[in-house]
Amino acid sequence: FSDSNLTKHTNLPDLPACFQLSVLPWTPCIYLWLASPFYILYLKRNNRGYIMMSILNRIKTVLGLILWIVCWTDLFSSFHEMSQNQSKPPIYFITPLIVGMTMLLATFLIQYERLKGVQSSGVLFIFWTISVLCAIVPFRSKIVYQNGVEDKLRFTTFYIYFGLTLIQLILSCFNEKPPLFSSVVTDPNACPEITAGFLSKMTFWWFTSMAIKGYKSPLENKDLWSLNKQDSSELVVPNLLNEWEVEKSKAQRYKFKQKMKIFISFHNHCHTGSIKKPSFLRALLRAFGPYFLIGSAFKLLQDLITFVNPQLLRLLIDFTKQPNAPLWWGYSLAFLMFGTSLLQTLILHQHFQYCFVTGMRLRSGIIGAIYRKALAITNEAKRSSTVGEVVNLMSVDAQRFMDLTTFLNMLWSAPLQIILALFFLWQNLGPSVLAGVALMVLLIPFNAFIAMKTRTYQVEQMKHKDDRIKLMNEILNGIKVLKLYAWEVSFKEKILQIRQKELTVLRKTAYLSALSTMAWTSAPFMVALTTFAVYVTVDEENVLDAEKAFVSLSLFNILRFPLNMLPQVISSIVQVSLRFLNITQILQGKSKYAVSVVNGTFSWAKQDQATLDNINVMVPQGSLLAVVGHVGCGKTSLVSALLGEMEKQEGQISIRGSVAYVPQQAWIQNATLRDNILFGRPYVEQRYRCVLEACALTPDLEVLPGGDQTEIGEKGINLSGGQRQRVSLARALYSEADVYLLDDPLSAVDAHVAKHIFDKVIGPEGALKGKTRILVTHGISFLPQVDNILVMVDGRVSEMGSYQDLLKQNGAFAEFLRNYSLEDIIEDDEEEEFPEDALSNHTDMVDNEPVVNEARRQFMRQISIMSNDLENPKKMSRRRRCSERKHPESPTEKKEPKLEKLIQAETAETGRVKFKVYWDYAKAVGPFLSLFICFLYGCQSAASIGANFWLSEWTNDAQHNRTQDQVSMRVGVYAALGISQGVLVMFSSFTLALGKIQAARKLHQTLLDNKFHTPQSFFDTTPIGRIINRFSKDIYVIDEVLPSTILMFLGTFFASLSTMIVIICSTPIFALVIGPLALIYFFVQRFYVATSRQLKRLESVSRSPIYSHFSETITGTSVIRAYGRNAAFVLMSDMKVDENQKSYYPGIVSNSFSQSCEMTSDLESNIVAVERVKEYSETQTEAPWIVTDKQPPPDWPPKGNVEFADYSVRYREGLDLVLRNISLKVEGGEKIGIVGRTGAGKSSMTLCLFRLLEAADGEIVIDEVKISEIGLHDLRSKLTIIPQEPVLFSGTLRMNLDPFEKYSDEEVWKALELSHLKRFVSNQTSKLDLECSEGGENLSVGQRQLVCLARALLRKTRILVLDEATAAVDLETDDLIQSTIRTQFEDCTVFTIAHRLNTIMDYTRVLVLDKGQIAEFDTPTNLMAQKGIFYGMAKDAGLA
């Protein structure tokens, strides 16, 4: 059965005949019979559809049958010989029988796979490969010893058998056609992996097409393959959510059982109690575990193969010692070593592929789950986690989960590798291994300590990071206000303080990691040293020869990885588990169920005191109810309660039918104007035109550059406040709901527009008549026309009834009216024509895209009064109202020229990362430091080369028998070299740590500086998500990922360099091979890196929209829910995630390829972060904050004279002027009212004073100082504005009023008293330290407006600008504000942009703007007498 003379000790080796007849043919058969039951079960479960019979399939089947016949020919010939009395050994019967049966099984599998839709079979491919390999030996024997063939039949059948198995092997490399109706057929851009064959999958050959494409030209989005169905959010997220539901119901059942137990034990006077929380981890395991286990199986295989190489090495060293060993043995050993390495690589990459895909699904699942939850989360839960935190959870943590999946298998694989390595070492060196092991065991607590410390630092750092992103998010949201108040410095300081803490923690982490790097590089060396030293000194007989030394070294090196990884994996698992708590917390946030108001009591959160108390409201079908009351009396809360956004403490609410909701602060999406109005409903031309007309949007469309296709920036920044409100109203009107909740929609628009909207939309004759409407309003003029009025006082309904009833009751309402009754409210029944200039609409506000289409229609179509039709007044009148107008051609056809998009698509750099980027990073680290780091790495490599040379010298001693005398010297030098290497490693890590902190600080600092100095127009055209992405993901990469990549890169580079030097010194001929090898390596690396780097960039770019969309959603949840658009938004989010995963998926493969050239490509991929941060650190900046030689005197402006001299301005380069040639003089102390139709340039005028817009022409002079010459802060700190939208930052109220802490508490209280907030604030427990939530959400809009007033009172400058500041407050508060301004700012110059004309009737002069020019400028009385535009507006407001 075996004969060593025949096999090993000969130049023509061969295997014994018996072995050739039994073991060799049986091996493939045993494999196939073992594998097929599992395989068939697998196929039964995963049916991919049915494949038509093809020629390839027919040939395979026929060949299988022929093979079966060939084998059984052998069998029958054996029977035949038996009958001829030639007795044969039993093996001649058994082998053909087994092989024949196996061929039948293979043929069955070929057909079964076809029916189940398998295009290429791995199981059969491996079977045919083993068959061919096993048949090669007898094939060779039969050729070599072919002197006379005595058994002609078996000779022939064997050759036929060998030929056919070879053909089967070749055929199994080809693919079948895809199954019928599979996605491959339908999808134009399917991922080739689905149809790839087994070989192609194992070697990732299917990826080549993309790699070639990426190498030729930078990849773009359209080049990416579609995401595989099973990786898409559509399947992954519901799968995860189902498992989560299962978890929750389990926890529920458990709770119930516990309650029962407690109930029972209560009678026995003993308590048992523990709460079982649903575990998100278990849900993840159940959803993604099974797939992950396949990857684990590959890992197990790879671990076992790892240990084959040291054994082969031992045989190879053994072979070099024997002078007479046959050459073929050495060659086959070298070949085997290469083979096992290759196999190991293939298997390892399969394992990585499975892990990465699991990670990717995990990320899709987590983001999807959080998004769905965020849409359904209550206000109470929203309070505990801000947008910034959740976005961080979605970006950084989902990423961390993804990275962890790759290492998860180390938990069991590391101990396995350690045990195996120790076993082989014991065989090699005997008990002296224990010395080395002891050292390792000592290192474990050291590593564990470092891991634990790092862990705590990381938690701390995450917290700082969360805080920084959260604050950054708010700053970017309120950047305009910061600029207007000149508050940038204070907020920049705040960010830098957090950043400083973050860097301090980072530095500590870096030092720790330097220590652990030292431990990790020196550990194997120290272990080897102790082991060898002990081995040599314990026993005189022990000789350290090459075989023992180098085999042990290779085993020690295998040990290095698991020993180091284990503590790391454990620490990152602990770290991620902490984040699990966060996710579980968010996922457990309560979701709301809508809707029924009888005796209703409501609060914003369960434990808060009630905001609304004992509310009873009945609104009859189809009536109009107005809700009035002072600021903060609970009007908006009432609407929120009806929407189900508040916690109901008692009572019932019911709403019948669908709801449309217009919030007080319009929520606008970053989409076209039309999409904002349609909000996912189908487009109906007729209805759409009617809606635009009714909401007075038609004139606006004509001046918007793209009509209703104009793209609107984030949060609606390129629309004025009034336009935003009207779009929001149009959305409600278009939705054709049954119940309309209108939260003060008329506050942001001018008086005549408000009248138009009330008449055309809300009022008794408007488009909504016959619908149930609830209108929160501060406007008195409309009250006589509503059906019922509800008066709220301090969260209670004080009275309710019709206008007449309430007047008769003579209660709070009558009192309220008497104060404000504007003489007599005129009701004009005549058909009203606006003077055309009152309507000439012009864009206004900073961010407006100015007028493109100047030749606009010079009139608005007359609005015909519809006749009431008796059959169905509602339907008919609506139809008639629309059809009687002649439509202007739709705006889209009218405007051919394509406009520049407002929000430009984010660009990804292409091609190689420019050398400049590396140089930028090196500069940030410090050029000298960079060189020093490289030098240290060089020294460290030199030390390691020295150690290896010394070791080989030492092992040569064994051959020359000069052993004992030199042992101590050998050990000593070896130790010295090793220890110096360790010390050098530590030094280089330390310096690298210093460098990285410096770079991180500098890069963040320049980015921050630049962003604070960036002009407003940049923020108007760049979605916040994009900027935040730079501050979170890219800074995270620079802080944490990049330095470790550099560490790895330098380490690998110098290690390979030193290896080459060693080889060249010992075998100089090798130098010839190095050149070509290096070239091939370089080419392969360039080839894959091009693709991998571009994929990384595409992935970064497609990541921003996920977060942009997410934060947009969170701010608009109440609107989205009110319109029932949840599903559509979830779908949008999923599409964005899938879009992002599309570029991630091929990235996985290109990365596992370039693992070989991993270091350089990783370096390139991560340095992209520096490139992205630099890109945003170098955007154009605004004028300097302080110009030292032009600083105005400290008491400037003494009088407050303002002069505009021939002043013009535009929003951005290349756009039309918004203000043209304005010239006017204002004396100090004058009060100027600015009026004009929405978009006439009112807000722009105030922005020019603050130089948020820089002059295109002309000058503004304040008290003899040209404002264009002084620094921005010098200017802005001397002016005060009460802006249109009150912006608050999260932090204390005190910080919101006085971020620089310039004023004393007394002054602050005084300001609060004057702004009528004193009562509210002193009722709070924390007084001035009242925490404002993000965006000031916990104050009503009116209260926020009063906070802005308090800010103005504190600053008390000579010039005050009021921008429609009183729009969101009721009349009484408005009065208070006005009187405060009159008394407190009596000697100041005041500019007021007014909507309510009554506020400016007593001003010194009124400026009427039209189309960006001065139309009228005089005292109010003169203007009324002129009967011009101002008179028309006053008439609309009922003042004339």
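Because only heavy atoms are used, hydrogens play no part in the values below, and waters and symmetry mates are left out as well, while side chains stay in.
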**Message:** Tell me whether the rings of Phe1129 and Trp667 are parallel (<30°), tilted (30 to 60°) or perpendicular (>60°).
**Reply:**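 Phe1129 and Trp667: tilted rings.
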Give a yes or no on whether the backbone of [Y] and the side-chain of [X] come within a donor-acceptor separation of less than 3.5 Å.
| X | Y | answer |
| --- | --- | --- |
| Arg1351 | Asn1296 | yes |
| Lys1231 | Glu1386 | yes |
| Gln1384 | Ile1381 | no |
| Arg468 | Phe1031 | yes |
| Tyr1403 | Val1390 | no |
| Asn1323 | Arg1319 | yes |
| Arg1355 | Asp1298 | no |
| Arg773 | Tyr740 | no |

Report yes if some heavy atom in the side chain of [X] is under 4.5 Å from a heavy atom in the side chain of [Y]; otherwise report no.
| X | Y | value |
| --- | --- | --- |
| Lys494 | Met1295 | yes |
| Met800 | Leu625 | yes |
| Leu1279 | Phe1250 | yes |
| Leu775 | Phe782 | no |
| Lys1278 | His1273 | no |
| Met792 | Ile615 | yes |
| Leu783 | Ile789 | yes |
| Asp1363 | Ser1243 | yes |

Distance alone, cut at 3.5 Å: any donor-acceptor contact between the side chains of [X] and [Y]?
| X | Y | result |
| --- | --- | --- |
| Ser728 | Gln725 | no |
| Gln649 | Ser603 | yes |
| Thr1280 | Thr1357 | yes |

In Å, rounded to the nearest 0.5 Å, how long is the span from [atom1] of [X] to [atom2] of [Y]?
| X | Y | atom1 | atom2 | value |
| --- | --- | --- | --- | --- |
| Cys633 | Arg796 | SG | CZ | 12.5 Å |
| Leu1275 | Leu1249 | CG | CG | 8.0 Å |
| Asn473 | Ser1032 | CG | OG | 9.5 Å |
| Arg1344 | Gln665 | CZ | CD | 5.0 Å |
| Leu1317 | Leu1297 | CG | CG | 8.5 Å |
| Lys480 | Leu484 | NZ | CG | 7.0 Å |

**Message:** Under the rule for side chain to side chain contact (heavy atoms under 4.5 Å, CB included), what residues qualify as partners of Ala1122, not counting sequence neighbours?
**Reply:**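 For Ala1122, the residues satisfying side chain to side chain contact (heavy atoms under 4.5 Å, CB included) (neighbours in sequence not counted) are Leu643, Tyr661.
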**Item:** Ser1304 vs Glu1307, side-chain hydrogen bond (donor to acceptor under 3.5 Å, both in side chains): CA-CA, chis, key distance, verdict
**Value:** CA-CA 5 Å; Ser1304 66; Glu1307 292 173 287; 3.2 Å; yes
**Prompt:** Partners of Asp1305 by salt bridge (charged side-chain N to carboxylate O under 4.0 Å, His left out), sequence neighbours excluded?
**Reply:**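 Scan of Asp1305 (salt bridge (charged side-chain N to carboxylate O under 4.0 Å, His left out), adjacent residues dropped) gives Arg1294.
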**Prompt:** Between Phe491 and Phe1289, does the ring centroid distance fall short of 6.0 Å?
**Reply:**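 Between Phe1289 and Phe491, which both carry aromatic rings, the centre distance is below 6.0 Å.
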**Request:** Give me the one residue out of Leu1312, Leu1330, Leu1346 that meets side chain to side chain contact (heavy atoms under 4.5 Å, CB included) with Phe1320.
**Result:**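 Exactly one candidate clears the test, Leu1330.
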**Asked** Under the side-chain hydrogen bond (donor to acceptor under 3.5 Å, both in side chains) criterion, do Thr636 and Asp743 qualify, and how do the steps go?
**Response** CA-CA 7 Å; Thr636 301; Asp743 192 353; 3.1 Å; yes
**side chain to side chain donor-acceptor pair (under 3.5 Å) partners for Ser637, two or more places apart** =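 Result, side chain to side chain donor-acceptor pair (under 3.5 Å) vs Ser637: none returned.
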**Prompt:** Looking at Lys465 and Glu502, does any basic side-chain N land under 4.0 Å from a carboxylate oxygen?
**Reply:**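 No salt bridge links Lys465 with Glu502.
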**Request:** State whether Asp467 and Lys463 are salt-bridged, where the test is any N-O pair (Lys NZ or Arg NE/NH1/NH2 against Asp/Glu carboxylate O) under 4.0 Å.
**Result:**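 The answer is yes: the pair qualifies as a salt bridge.
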